[in-house]
K.L.:
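Sending over a structure as structure tokens; questions will come in a sec.
Chain identifiers are assigned alphabetically (A, B, ...) following the order of the sequence lines, protein sequences preceding nucleic acid strands; residue numbering begins at 1 within each chain.
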Amino acid sequence: MMITKKNTGHIYTVSKLTREIKSLLEDTYPFVWVTGEISNFAVPASGHSYFTLKDHQAVISGVMFKNQKQRLKFRPENGMKIVGLARLSLYEPRGAYQLIFEHLEPEGTGSIQVAFEQLKKSLSAKGLFDDKHKKSIPFLSSGISVITSGTGAALRDIINVSRRRFSNCCLEIIPVKVQGKESENEICNAIFLANQLKSTDLIILARGGGSLEDLAAFNSEALAYAIFDSHIPVITGVGHETDYTIADFVADLRAPTPSAAAELAFPDKKNLMQRIFKLQENLNSALKNEIASLHKTVLSLNSRLKSPETIVYDFRFRLEDYESRLNNMMKHYIQYNKEKFNWLLQALQSGKPDKKILSNRQHIVSLLNLLTYNFQKRLQVIKTNHLELETKLKELNPEAVLKRGYSISRFVSNKKVVFDSNDVKLKDQIEVVLSKGQLITRVEKING
Amino acid sequence: MAKKKTFEAALKELEEIVKEMESGDLCLEDAVKKYESGMKQSRYCLDLLDKTERKISLLTKDHEGNIKEEPFKDE
Amino acid sequence: MAKKKTFEAALKELEEIVKEMESGDLCLEDAVKKYESGMKQSRYCLDLLDKTERKISLLTKDHEGNIKEEPFKDE
Amino acid sequence: MAKKKTFEAALKELEEIVKEMESGDLCLEDAVKKYESGMKQSRYCLDLLDKTERKISLLTKDHEGNIKEEPFKDE
Amino acid sequence: MAKKKTFEAALKELEEIVKEMESGDLCLEDAVKKYESGMKQSRYCLDLLDKTERKISLLTKDHEGNIKEEPFKDE
Amino acid sequence: MAKKKTFEAALKELEEIVKEMESGDLCLEDAVKKYESGMKQSRYCLDLLDKTERKISLLTKDHEGNIKEEPFKDE
Amino acid sequence: MAKKKTFEAALKELEEIVKEMESGDLCLEDAVKKYESGMKQSRYCLDLLDKTERKISLLTKDHEGNIKEEPFKDE
């Protein structure tokens, strides 16, 4: 039932594992009946008895402490077959487990009355001992009816054990006589009473040790049926005898002594609580482990969740590149167009018409000079022509004849030149034009 | 309701839960649920252990057959 | 709302987001959105773990110590 | 309006513009227009990057540090 | 009015004028007219280049420096 | 009136006059008339050249220098 | 009246007169008359030449020098 495998990958220390095995063993087998053959029997100075118990297949170490041994009615020795009630215990320093015996009795020995054997046989035949009729003992009983002598050591033992193992137990003691004539009846009635009251869920039927005669009530058929008919499970704890009583066979659980019965009836509270605490601890650590592991997973994912900052940086670089390319291209465009423009402007300037103006000006000035020159030349020719004519005219001036002594005669009256003397009459006034001056004359004679 | 569940059953349940949790195959929510349920079982068990007060009584019958209950005075 | 999403679902989502982001095929807007969502999931997961841890601590104390368990009002 | 254009779209546009300008067949007016448009896209992208970075920084701080995330009102 | 003529058109016109002037077949009046017209085109081109350059410089500054972009009122 | 006669026409006329004068067959009156007319044409041409020169100088200055273009009122 | 006779006509007349007088067939009286008439023509020509020369001198000065052209009032 305990956890034996851990797939959480947890690694045990030796001590821890051993401790867990110990509690596992001791919890699972608080008390066991075991049978086997004694060997290697030894009693060292301590007085405790050490031996191995074996059968044809296995061996197991056993010990019986001095106190328990004193109560035995026989001396155990090698080769002896025994039945014993023992706790299983693990000794941590050596990792060895052993059986610590509370009680030992020889197997198959003892003087048994024929009646006992007959009753046993008959009841067994009727099925009263059958395991299928055995009721389970409540793990944690709510109350226990203790049927025993009100004054005996058995009751004290039971109370002591119960106080030790389960301090807040509820005990309902039904005192009975455990030997003598009335004892059988009283015990049977006590069982009936417990079943009638139903205030408990377990019955301990106990008695201290005694002879077979003393135990007569426990070997009675009536008690056997009373136990068998009880709805409440019954644990027997009768005497220290090696022999079984009939009651032991019918009981749902048999303990060798009253205190052993109490031990079987009461779980060890401390142990149980530790077990629960342990489970709680396991529960806590399992959840904590899970949380821790999930925490780790989340953190690891978190660390892989890369911020998109680097993407942003990449894009920034790209944008810078684009922008600088844009700027460069734009500068290039402007530069290119400027150059083209400047080239054209230069071409335009070199085609500036001012040279043409200069040459035209020179051309006009030279034309003007030529015009003036030719005009002057022409004027000169005209002047010369006129002068020549005037000279010629002046040479032909009729007054030149007079300078050679000639004179011209004209009628004063009509200024007509006198060519013929016949035209003249006497006393006519004639003007004589000389080279220098004029004479006015009168005709005195005419020669014709 | 709790009355109906025995100590043993609760302990068993708690043990099962611990086993499941230690197997590690649960999702967080289920693990928490299991954990809570486990704690409940454990508390239930502890309560059961602590619930009763120590009581030892003596049942006797008088001559007329009437049952008498009286505290047992051994302490 | 957050109550309705289990830890496992949030963790799964976070895992998906991390994977998608690691694949590197996201555009800027999506990457930012994924990152945001991833941060949210991771916070949510861590919160749940913290809450759960505190709960355990309270339950444990209640048992061994003196502090009584206080009911979680948000549950 | 700007909200409707994704960063990727703007970047793509910018890329196209740079390519067109580098192909070198544009007249001055077109080049200027392209340049202006390109600068606009680039500024838009830078704005988005700035915003994104601030957001990331807030998200990251919120997660690692103490500052609480404040909702982005413009989204 | 100037808005309607592109830089390229003005430059082309200027080119035509230069070509015609270089052919040398013009009479004085036409040469002067062409020169005048050429100078006009060239001034127009220069203005456009200047404007463009200023505009680019502003856009560039706005981005890298501190000066805010002022809208070009004449556009 | 001067506007209507081109520089080239005036120059042509002047050239004709010079040629006629050189032929030498002119009577005084005609010679004088021709001479006068030649002088007039030449003055006209020179005037045009002066005006043109000033105009070009202004255009050039305006372009290369700082002087603002003043509209030519006589055009 | 003088206006109406050109320099050439006057000169022609003078030439005729000289020719007639050289023929020698003229009576004295006619010769004297012719001579007087010839002298008149010649003086007329001379006057015209003087006038023309003054005019030209003015035109030339105006052109090359500083004196402004004064309109010829007798034209």
K.L.:
Among B:Glu36, B:Lys34, B:Met39, whose side-chain contact (heavy atoms from CB on, under 4.5 Å) with A:Leu283 holds?
P.N.:
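Going through the options one by one, the only one that passes is B:Met39.
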
K.L.:
Let me know if A:Leu294 has heavy atoms under 4.5 Å from chain B in its side chain, its backbone, both or neither.
P.N.:
side chain

K.L.:
Enter the distance from A:Cys169:SG to B:Arg54:CZ here, rounded to the nearest 0.5 Å.
P.N.:
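One finds 4.5 Å between SG of A:Cys169 and CZ of B:Arg54.
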
K.L.:
Any chance you could measure A:Asn282, atom CG, to B:Ile17, atom CD1, to the nearest 0.5 Å?
P.N.:
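So the CG of A:Asn282 and the CD1 of B:Ile17 are separated by 12.5 Å.
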
K.L.:
How long is the straight-line distance from CG of A:Leu287 back to CD of B:Glu22, given to the nearest 0.5 Å?
P.N.:
11.5 Å

K.L.:
Please state whether the side chain, the backbone, both or neither of A:Ile144 comes within less than 4.5 Å of a heavy atom of chain B.
P.N.:
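Neither part.
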
K.L.:
Measure A:Leu140 against the heavy atoms of chain B and call it side chain, backbone, both or neither at under 4.5 Å.
P.N.:
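Answer is side chain: those atoms of A:Leu140 sit under 4.5 Å from chain B.
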
K.L.:
Give the member of B:Leu58, B:Leu49, B:Thr60 that has the highest number of heavy-atom pairs under 4.5 Å with chain A.
P.N.:
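Result: the option with the highest number of such pairs is B:Leu49.
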
K.L.:
Answer whether the closest heavy-atom distance between the side chains of A:Val146 and B:Ile56 falls below 4.5 Å.
P.N.:
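Of all side-chain heavy-atom pairs linking B:Ile56 with A:Val146, none is under 4.5 Å.
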
K.L.:
Measuring from A:Leu279:CG to B:Lys19:NZ, what's the distance to the nearest 0.5 Å?
P.N.:
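One gets 11.0 Å once the value is rounded to the nearest 0.5 Å.
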
K.L.:
Side chain, backbone, both or neither: which part of A:Glu172 has a heavy atom under 4.5 Å from chain B?
P.N.:
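Both parts, backbone and side chain.
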
K.L.:
Can you tell me how far OG of B:Ser42 sits from CZ of A:Arg275, rounded to the nearest 0.5 angstrom?
P.N.:
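The CZ atom of A:Arg275 sits 13.5 Å away from the OG atom of B:Ser42.
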
K.L.:
Between CG of A:Leu171 and OG of B:Ser57, what distance do you get to the nearest 0.5 Å?
P.N.:
8.0 Å

